[in-house]
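Just so we're on the same page: letters track the sequence lines, and every chain starts at 1.
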There are 2 protein chains.
Amino acid sequence: MINETNDKIRYTSFKFFLEKGYESTNIRDICKVVDIKPSSLYFYYKSKQELFFSIYEEIWNKKITVIKKINELNSNKSPDTRFELMYKQLIECHAKNILNEKFLLRYHMFPAEEIAMILKDRYKFWTYEEYKIFADIINECIEKGLLNSQRNTDDYFQHFKRFMLYQLTDMLIYNIKKDSKDQDEAWVNFWNYFISG
Amino acid sequence: MINETNDKIRYTSFKFFLEKGYESTNIRDICKVVDIKPSSLYFYYKSKQELFFSIYEEIWNKKITVIKKINELNSNKSPDTRFELMYKQLIECHAKNILNEKFLLRYHMFPAEEIAMILKDRYKFWTYEEYKIFADIINECIEKGLLNSQRNTDDYFQHFKRFMLYQLTDMLIYNIKKDSKDQDEAWVNFWNYFISG
DNA sequence: GTCTATAAGAGGATAGAC
DNA sequence: GTCTATCCTCTTATAGAC
């Protein structure tokens, strides 16, 4: 393990930032858990902010990588099937990495003031990366007449995001884990509403 | 105005706690806006925590008062109609006091560590007040065969709360204000799902 | 009720030795 | 890479005058 200490710092910081929030997380407490002195942490990260964003970026990066991977695996399917599989496989992935999703939700909904501006900027960047992937699928659905062309790609994407957020809060707040039969039903309901507008 | 200063303190603090969160809100900044010295604030509130909970409790108190009032106004109706009217009038009220709802959501989802334990306790107290009112309606629906008796009152209440949260996040995050036709449709969808389980 | 002045402590960050 | 020691700033809160 070349960077065992760094791994410990990242793992501990993630938990603290997730559970206590940015302001209530302090370097001293992280270092106590990692069992190093604060000055040692500053060897790896030049500031608390850099430490935070190093973790934030890694979470998004993993997430986008997974979305791209799912998209590629289903590339031979029709666009509406691809959309459905994307949803189901992504939900399953979120269920597995539920703490990552909670982390993102926390800082997107209620960003700490000190990091709010950078967060807004990075959020914009990453959601655009996400958008590009889904826009391809949605546009193909529109081209093939599977979705109404009266609404634009952006509207459809926003609509889908709201649906995902709803499923996510069910998992996060109410600890509701839906089985695949429930997910089938949820998707059918969503899609019917989706195509009718 | 006997307590003009106190009103200013409360109004300013509410905005700060809502927008910046508990930890990032500091007494000095509040006092600058109110145009008093910090020591004067401590004449009205013995601590930052007391100031916060004074505001938190007032919001809940107003909310429960409104729910009780709506319930009384519709007391002559059948329980399912009462339920529906309760939802629609409450949503309308939330739309008007959207910042109060955002305040509660913020501190219930991601409570600041320093106040987390008290918040949990007070949340329990107030949601029980809320529960008692809705439980009456739900129980009457069950008695009259308008709702399936295989699920218990608690389940129905939780289900309803999730539905409300979904409508609320639509307003809060996506700034979506539904008109009464949309609300009619949302309620019908909810109720059908509600009675079928 | 509001002020001036200040105590008391927490937390981010750095200098420099090893 | 990790340590000891310390600086500096910010923040809650209080003492006591007016």
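- The CZ atom of A:F43 sits 19 Å away from the C1' atom of C:dG12 (whole-angstrom rounding).
- You won't find any donor-acceptor pair under 3.5 Å spanning the side chain of B:T5 and the base of C:dT2, going by distance alone.
- A:R106 forms no cation-pi arrangement with A:F103, by the criterion of a distance under 6.0 Å to the ring centre and an angle within 45° of the ring axis.
- Mapping A:Y44 and B:S39 onto DNA chain D via the closest heavy atom, the residue that lands nearer the 5' end is A:Y44.
- The side chain of A:K48 lies closest to C:dA13 when the candidates are D:dT12, D:dC3, C:dA13.
- Of the listed nucleotides (C:dG12, D:dC3, C:dA13), D:dC3 has the atom at the smallest distance from the side chain of A:K37.
- Regarding A:D29, its CG atom lies at a distance of 11 Å from the C1' atom of C:dA10, rounded to whole Å.
- The interatomic distance linking B:N26 (CG) with D:dT11 (P) rounds to 4 Å, in whole Å.
- In the hydrophobic clustering of ILVMFWY residues, with side-chain heavy atoms under 4.5 Å counting as a link, A:Y44 and A:Y42 come out together.
- B:R10 and B:S54 are linked by a side-chain donor-acceptor pair at a separation below 3.5 angstrom, with hydrogens and angles left out of the test.
- As a whole-Å value, the separation of A:E23 CD from C:dA10 C1' is 15 Å.
- Taking the six-membered ring for Trp and the full ring otherwise, B:F160 and B:F194 have centroids separated by 6.0 Å or more.
- The side chain of A:R28 has C:dA13 as its nearest neighbour among D:dG1, C:dT4, C:dA13.
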